[in-house]
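Inspection log for the structure reproduced underneath, given as structure tokens.
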2 protein chains.
Amino acid sequence: MSLYFDHMANTPVDSRVVEAMLPHLRETFGNPLNLHDFGAKTAAAIEEARQKVGDLIGAKAPEIIFTSCGTESNNFAIKGIAKANEKKGKHIISSSIEHFSVLYSLKELEKEGYKVTYLPVDKFGVVSPESVAAALTPETTLVTLTHASNEIGTIEPVREIAEKVKGKAVFHVDAVQTAGTIPVNVAELGVDALTLSANLFYGPTGVAALYLKKGTRILPFLLGGTQEEGKRAGTHNITGIVGMGKAAELAKLEMEANAKKMIPLRDKLLKSIPEMINDYFVTGHPTQRLPGHASGYVKYIEGESMSMFLNMEGIAISTGSACVSKALKASHVVVAIGVSPEDVHGSVVLSLGKDNAMADIDLFLEKFPPIVERLRQMSPLHK
Amino acid sequence: MSLYFDHMANTPVDSRVVEAMLPHLRETFGNPLNLHDFGAKTAAAIEEARQKVGDLIGAKAPEIIFTSCGTESNNFAIKGIAKANEKKGKHIISSSIEHFSVLYSLKELEKEGYKVTYLPVDKFGVVSPESVAAALTPETTLVTLTHASNEIGTIEPVREIAEKVKGKAVFHVDAVQTAGTIPVNVAELGVDALTLSANLFYGPTGVAALYLKKGTRILPFLLGGTQEEGKRAGTHNITGIVGMGKAAELAKLEMEANAKKMIPLRDKLLKSIPEMINDYFVTGHPTQRLPGHASGYVKYIEGESMSMFLNMEGIAISTGSACVSKALKASHVVVAIGVSPEDVHGSVVLSLGKDNAMADIDLFLEKFPPIVERLRQMSPLHK
């Protein structure tokens, strides 16, 4: 028996995605830049996938650039857009709850002389559109914000922010946690660039994309051949791209039903855990949150220990950003919503997937409170 | 009936590699940074692959950093090593026959104030070790050279060059065309950093590696999470990495037998084509060349046309670097060995794989001369 509640870190690959990838893994290998049928077959497979990924987010196929991961898309978007617009200015607006791939890209630009405004968030993790408007200067070239943080699950008011940014800077959104999970339409949201990753919507790891609105200037990040219209060099991840296309197609069809199924499970976790465990506090927004996302923190004990004890019961959860849990640092995202650094160490992220059921929630609620109780008895911090 | 002579652009995935990948594609999805069994399973699969890739080139597993493609490894190595050693100096040595992923990375560094010496090659495409020694200055921090160009197939005297570079600069070698095809042992060669890519030795596309000798300083290229010991952020391409590991294991066992099989086929092409076609000239080295590599140029006609006519007969070849053939530019590599820019347009690269047989060569030799003849009759350049 095992329960996987770590879908914000990585989703399993849907079996229909595996089936779509298999024939290409075996037989599609021609280089699409070369003038022969083997290459043409690869090019056709890639372009079909590009169309499907575009369809998922309301973009045109040529606006989709395939990359190797969300981290690459974020690095590429931030550095590429900032540098392509350097003549206008060197000011960027972001927030205090961004993923490390955004944060460290910005830190590097700061070393090169860029100024970055990191907007605060409210206690639910919301970036206010007014704060974005107030931070814009004539030197601002880029606004880069998450659509929803993997750590707290709050869905940001991207459309309202886009209205403030429009015509003043390029607006890039890290939609790794939202694209394929909730409706994301680039035209309706009004964004110029958007990061999405297959491994968050039941596609394979190793493939992601950057949506770039037609006419948006960017410098390439990976330099070399003429792939992706010269915007991203490097041999294509053929099978991965096919898998991302199929996963996008399925997500478009099924995300609404998946969300409908997950929301009651999530809400039961959000409601029941604080009822069952003293000094447990939910993090993130009460309503504007990802359908499968239930995060919080337990006072007096370490997330790492909870994670390991739960693992012994066959239950997989995360204790913050999957990308930093080995760093053992207090999550800057949870700190940003006002949780004290001590309490941040007790943060937990339960992220559900389309295959979880109410029985999983019941089992979790049976196993979790005794673990917390036991750890608290061992904890010197617990009164 | 179809013949694939474009293995320098991409190899098909070996069926045993596909089989090794499949269970992981279906079932290995935990984030290896997270503290649960799903993540541990992924970590174990990645570390097993890392060991196998290390074994292929005589490296220790922790010296292998997984990336998404050879282009990324080259961009990462060049920028990362140059910038990590910037305090020592800003001079880099390279050659006139490098892949575009090397060339354009260097061009970008030149814009930032670096000086790059592009060493010439002789008529066979060989970089002389003495020229490297002569170019080294106290400000030189990096020497970056190809082990064998995909366009001319000449195997460079890397060990002799390493002896000149040792103790004076970091030596990076682009071994995309050699690792897994001919013996590559980093200790014997004496290199500090080396790029290799799974898709050139019957592994999948979308995964490659950078070997970095223990103690060699580098700045990360992809910034974000703590993956790959902080050297390469981004969610791992789990299935791709497993496939690269399996492909490396098979290459180590079978490359010698594969080469033995390919060399006579290659030599028949190198010998017969000039006998059958007037004004056809072999490019690259007569003996120091990749086992499956037969390149040359046909005067008075375009490689593009030959490629397309051959494709109509079911034969796939390349007309230069696969990464640039859509650019329709004269190959800088073939120009570097002294071929005139007009003649470069007639260049062809025939690259064989382990599954080609002598019957394929015979068929090619039957089909190719009449195509050249026909195109020459159509060509205004032909006397």
Q | Engaged part of B/Leu222 at the chain A interface, taking heavy atoms whose separation is under 4.5 Å | A | both
Q: Verify whether one side chain among B/Asn34 and A/Asp6 offers a donor that lies under 3.5 Å from an acceptor in the other.
A: yes
(Q) So for B/Thr11, is it side chain, backbone, both, or neither that comes closer than 4.5 Å to the heavy atoms of chain A? (A) backbone
Q.
Return the CG to CG distance between B/Leu22 and A/Leu25, rounded to the nearest 0.5 Å.
A. 7.0 Å
Q: Taking all heavy atoms of B/Ala316 and all of A/Phe38, pick out the closest pair and write down the distance.
A: CB-CD1, 3.4 Å
Q) When only pairs under 4.5 Å are counted, which of A/Met312, A/Glu72, A/Lys107 shares the most heavy-atom pairs with chain B? A) A/Glu72
**Q.** Heavy-atom contact with chain A under 4.5 Å, split by part of B/Asn199
**A.** side chain
(Q) If we ignore hydrogens and angles and just use 3.5 Å, is the side chain of A/Thr235 paired with the main-chain N or O of B/Thr205 as donor and acceptor? (A) no
Q.
Please rank B/Arg26, B/Glu27, B/His7 by heavy-atom pairs under 4.5 Å with chain A and give me the top one.
A. B/Arg26
Q: Drop me the distance from B/Phe309's CZ to A/Leu35's CG, to the nearest 0.5 angstrom.
A: 13.0 Å
Q.
At a heavy-atom distance under 4.5 Å, which candidate from A/Leu310, A/Ile238, A/Thr67, A/Asn74 has the highest pair count against chain B?
A. A/Ile238
Q: Would you mind reporting whether A/Val13 and B/Thr239 have side-chain heavy atoms less than 4.5 Å apart?
A: no
Q: Pick one of side chain, backbone, both or neither for B/Glu19, based on which atoms fall under 4.5 Å of a heavy atom in chain A.
A: side chain
Q. What's the spacing between B/Arg232 CZ and A/Thr71 OG1 if we round to 0.5 Å?
A. 8.0 Å
Q: Check whether any side-chain heavy atom of B/Pro220 sits under 4.5 Å from a side-chain heavy atom of A/Tyr104, and report yes or no.
A: no
Q. Is chain A contacted by the side chain of B/Glu108, its backbone, both, or neither, given a heavy-atom distance below 4.5 Å?
A. side chain
Q: Please look at A/Asn75 and chain B and tell me whether the side chain, the backbone, both or neither of the residue comes under 4.5 angstrom of a heavy atom of that chain.
A: side chain
Q: Pick one of side chain, backbone, both or neither for A/Ile317, based on which atoms fall under 4.5 Å of a heavy atom in chain B.
A: backbone
Q. Is it the side chain or the backbone of B/Met21 that comes within 4.5 Å of chain A heavy atoms, both, or neither?
A. side chain
Q. Where does the angle between the aromatic ring planes of A/Phe221 and B/Phe221 fall among parallel (under 30°), tilted (30 to 60°) and perpendicular (over 60°)?
A. parallel
Q. In Å and rounded to the nearest 0.5 Å, what is the CE to CG distance from B/Met8 to A/Asn31?
A. 12.5 Å
Q: Applying side chain to side chain contact (heavy atoms under 4.5 Å, CB included), run through B/Lys79 and A/Leu223 and close with a yes or a no.
A: CA-CA 11 Å; B/Lys79 294 187 181 177; A/Leu223 306 175; 3.8 Å; yes
Q: Check side chain to side chain donor-acceptor pair (under 3.5 Å) between B/Gln177 and all other residues, then give those that pass, not counting sequence neighbours.
A: none
Q: Return the option, out of A/Gly234, A/Ala208, A/Pro12, A/Ser105, with the maximum number of heavy-atom pairs under 4.5 Å with chain B.
A: A/Pro12
